[in-house]
Structure formats: C-alpha cells, structure tokens
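The structure appears right after this line, and notes come after that.
Computed over heavy atoms, backbone and side chain alike; hydrogens, waters and symmetry mates excluded. We count ligands from 1, going down the list as the structure has it; atoms in each ligand are counted the same way. The model shown is predicted, which means the values in this text are computed figures rather than measured ones.
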Amino acid sequence: MIEDLKILKEEFEKEISSVNSMNELNEIRVKYLGKKSKVQEFSSHMKDLSIDEKKECGRLMNEFKVHVENMISDLKIELEKKLLEEKLEKEKIDVTLPATKIRVGGIHPITKVINEIEDLFISMGYDVLDGPEVESDLYNFEMLNLPKGHPARDTQDSFYITEDTLLRTQTSPIQVRTMLANMEKTPIRVICPGKTYRKDNDDATHSHQFHQIEGLVVDENISMSDLKGTLEIFAKKMFGEKREIRFRPSHFPFTEPSIEVDVTCANCNGKGCNICKNTGWIEILGAGMVHPNVLNMCGYDSNKYTGFAFGVGPERIAMLKYGISDIRNFYTNDLRFLKEFDRIEKEDL
Ligand code: PHE
C-alpha cells in the first residue's frame, strides 16, 4: 500500500502540473479527495494491516491529503489571479480614444415658458389645473356667455367632432369646470395651461394648434387693481424688471370689462423699434373681470363674488422673449432650431 501511495502521489503531481482551469482543478479535487478517491479506497483496506503498518500508512495518507489540499488551494489562488488578469486585459479601455457623443435633449421653448409661468403663479399661491382637450360646446362656449349663434364664435373657428363636442378653442372652459366643481364656492386661484385648437391656416403667426394658460381668481372683493398688480408681476418676471404694462379696452363675451394688456417693448425700452412697430408697446394677453353671467351660471352669486381672468399664449411669450419670428418653428421639430434654443437656455443659467 505504501508503494501504491507513492504511485498515487506521482500521478497527482503529474496531473496537477497540467491543470489550467478551475474546472480541471475541481475534477482533481474530487478525484483525489472525494468519496470515491483512491485514498478513500485505501483507508477501507486499512483494517487488513498490522498495527505498525496501519500507523505508517495512516501517517502517509494524512500527509498525502494535506499535500493535495495545499497544492489545490495554492493553484486555486494562482488560477483566480490569472483569470482576473485575463479579464482586465480583455476589458481594457483606451482612455485616449475620442468619446462617443451623448446627445442630451433640451427643454422645448414652449415647455420652458409654461414651466416658468407655473413656477411664478405657484409662488403666489395658485393651483395648476388641467382640463380635457375634447370639450363640450356647453363649456367651451355657452357657459362662457357665448350662446349658439353668438357672432363672437366666428372669431374662434372650431374643429367640431359632433354637434356638441369640439376640440377646445381656448382654455377658458376650465374656468367653468373649476367653478362648477367647487361645491362650497370657496375662493379660487388657479392657472390652467394646455393645448387649444382653431381652424386657422398655419403661417408665421398662426397655428391650428397652440397653447394657452388660463388664469382665474374668484373671491369676494376682487377688483381690477388685483388683476393689474398680478399682471404687472407677471410681465416683469417674463420680460424684465423695467417693464411696464398698460390696459386697453377690449371685448370678450365672458369678461366685463375686458382688456388687452400691453408691455413696454424689451428691445427698445419703449422708445419704438421695428419689433414693436414703433409704438413702444407689445400686446401680450387678454383679460378682464369675470362676467356676472358666467359667475351666476357656474353657481357663484355675482352680487357677492367677483373675479378676474386672463389668457396668455405661451407661443407669443416665447417668440417675444427669445426673438423667434415664425410660430411654425415650435412644431416642425427642426433640431437646428431646438439646439439653438438649448444653447440660449444654458446661457440663461
Ligand atoms: N380665452 C380668450 C381667447 O382665447 C382669452 C381670455 C381668457 C380673455 C380669459 C379673457 C379672459 O381669446
């Protein structure tokens, strides 16, 4: 048996010297230390030996086992190191190579203007509300004091879906929805941004789809001066601290009195230039005091409550703010335009 052990050891030495992978190493471990190994087989024959032989064989067998274990664990460390080195070699990165350009999208100018206006009004305690783009004639027109056949409907040429449903021509129906939904008739302070649609032929200043931001405040004792103060803050925030505003009488069926609001031209500081057509003023939005008929139809007692409303066009604000002359630029997704705008945005920061 001592001879057999010697041969076994030689066999082991030979085999382990040619091991190259973890798998092979595992096979050797099983072969020499596992339950069906030769060493195990030898120990089952130990009972046939004399006491002295048993002692000697036992010692040699233990020595062999320890030897095998040590060799295997040394080789394991070596193999792991080799594998890691191979992996590092394979995954080597040449940091001197030019990097792949990562294209980062920018915020669309219209979204940027809407975000800015939302932030301003939220800071003044307003809520931001939403409404459906497919709207009923009732909310889009009738309850806004525009009964069927009213001539002012012609100024908002509409995409009708059925006789009573249309793509909203304005965000003003959200006024109606907000007032009706407010069962307790508590004070309202909201802005409502969204898409609107009109059957216009697209050109540099018209688009069949555009955006509006509706503003609505209803409470006791709301007056025209509240509207003026609010819009002054708005104009200064959007166009600079030096801007002044003025009100011009106008007409909207759902406000009385109605006004159009101008801001002093940011390009010439009100002196007159080609942007403001030499007037020094630029029109930015329509507004007015909520018409008593609208308040009453929406369940607010017009003897007790008053309110103001305004409608801003983010496209118009963006065109003025960033010197964009063609509204179609916002919708054609020309990356050259959008990237140019992204640059402006970064410089803004
Ligand atoms: N909805 C009006 C329009 O589209 C704008 C507006 C809103 C005017 C609120 C007054 C008050 O022309």
Side-chain angles (χ1 to χ4, degrees), residues 110 113-114 117 121 126 128-133 135-147 150-159 166-179 188-200 205-219 222-224 226-231 234-235 245-263 282-295 297-298 300 302 305-317 319 327:
I110 298 298
V113 165
I114 293 177
I117 296 175
F121 281 94
Y126 284 59
V128 180
L129 292 187
D130 210 353
E133 287 172 34
E135 188 53 282
S136 65
D137 184 277
L138 184 70
Y139 290 172
N140 193 82
F141 287 131
E142 272 188 55
M143 291 190 67
L144 287 167
N145 213 21
L146 272 143
H150 193 292
R153 285 193 178 209
D154 297 344
T155 61
Q156 302 192 3
D157 210 355
S158 321
F159 290 109
L166 71 161
L167 292 179
R168 68 178 174 201
T169 57
Q170 47 187 350
T171 43
S172 302
I174 313 178
Q175 285 189 31
V176 177
R177 289 178 172 276
T178 310
M179 284 190 266
I188 290 175
R189 227 185 289 151
V190 294
I191 55 159
C192 323
K195 290 192 187 93
T196 48
Y197 304 82
R198 288 183 199 179
K199 252 194 213 165
D200 269 330
T205 51
H206 294 86
S207 170
H208 62 281
Q209 184 240 283
F210 55 101
H211 294 77
Q212 281 194 344
I213 302 179
E214 195 77 12
L216 175 70
V217 170
V218 181
D219 200 350
I222 296 293
S223 72
M224 199 82 166
D226 296 314
L227 174 61
K228 189 160 190 216
T230 306
L231 293 179
F234 167 74
I245 57 169
R246 73 174 180 192
F247 285 0
R248 269 181 300 109
S250 183
H251 177 263
F252 300 104
F254 36 88
T255 46
E256 180 58 37
S258 301
I259 52 163
E260 256 158 48
V261 181
D262 297 339
V263 61
I282 288 180
E283 185 198 322
I284 52 164
L285 56 90
M289 299 306 291
V290 182
H291 198 293
N293 286 354
V294 176
L295 285 171
M297 278 189 273
C298 296
Y300 275 80
S302 62
Y305 294 99
T306 48
F308 67 70
F310 58 87
V312 192
E315 278 85 351
R316 181 154 177 76
I317 303 292
M319 285 168 89
I327 196 171

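Between Q212 and ligand 1, at least one pair of N/O atoms sits closer than 3.5 Å. At least one N or O atom of R198 sits closer than 3.5 Å to an N or O atom of ligand 1. Inclusion of S172 in the set of residues having an N or O under 3.5 Å from an N or O of ligand 1 is warranted. Looking at T169 next to ligand 1, no N or O pair under 3.5 Å apart turns up.
With a 4.5 Å cut-off on side-chain heavy atoms, L146 and Q156 do not count as touching. Under the 4.5 Å side-chain criterion, counting only non-hydrogen atoms from C-beta, V312 is not in contact with I284. At least one side-chain heavy atom of R153 sits under 4.5 Å from a side-chain heavy atom of F141.
Counting the atoms of ligand 1 from 1 in the order shown, those under 4.0 Å from a heavy atom of Q170 are 1 (N), 2 (C), 3 (C), 4 (O). Close contacts between ligand 1 and F254 involve ligand atoms 1 (N), 2 (C), 6 (C), 7 (C), 8 (C), 9 (C), 10 (C), 11 (C) [criterion: under 4.0 Å to a heavy atom]. Interface atoms of ligand 1 facing F310, defined by a heavy-atom separation under 4.0 Å, are 7 (C), 9 (C), 11 (C).
In S258, neither the side chain nor the backbone holds a heavy atom less than 4.0 Å from any atom of ligand 1.
Distance from atom 12 (O) of ligand 1 to its nearest protein heavy atom, with residue and atom name: F252 CE2, 3.7 Å.
Looking at every heavy atom in both residues, P193 comes nearest to V128 through CD-CG1, 3.7 Å.
Atom CG of D157 has more than 12 heavy atoms from other residues, nucleotides or ligands within 6.0 Å.
Ligand 1 has no atom lying under 4.0 Å from any heavy atom of E260.
When I191, V217, L216 are each tested for a side chain to side chain contact (heavy atoms under 4.5 Å, CB included) with F310, only one passes: I191.
Rounded to the nearest 0.5 Å, atoms NE2 (H211) and CD1 (I110) are 6.5 Å apart.
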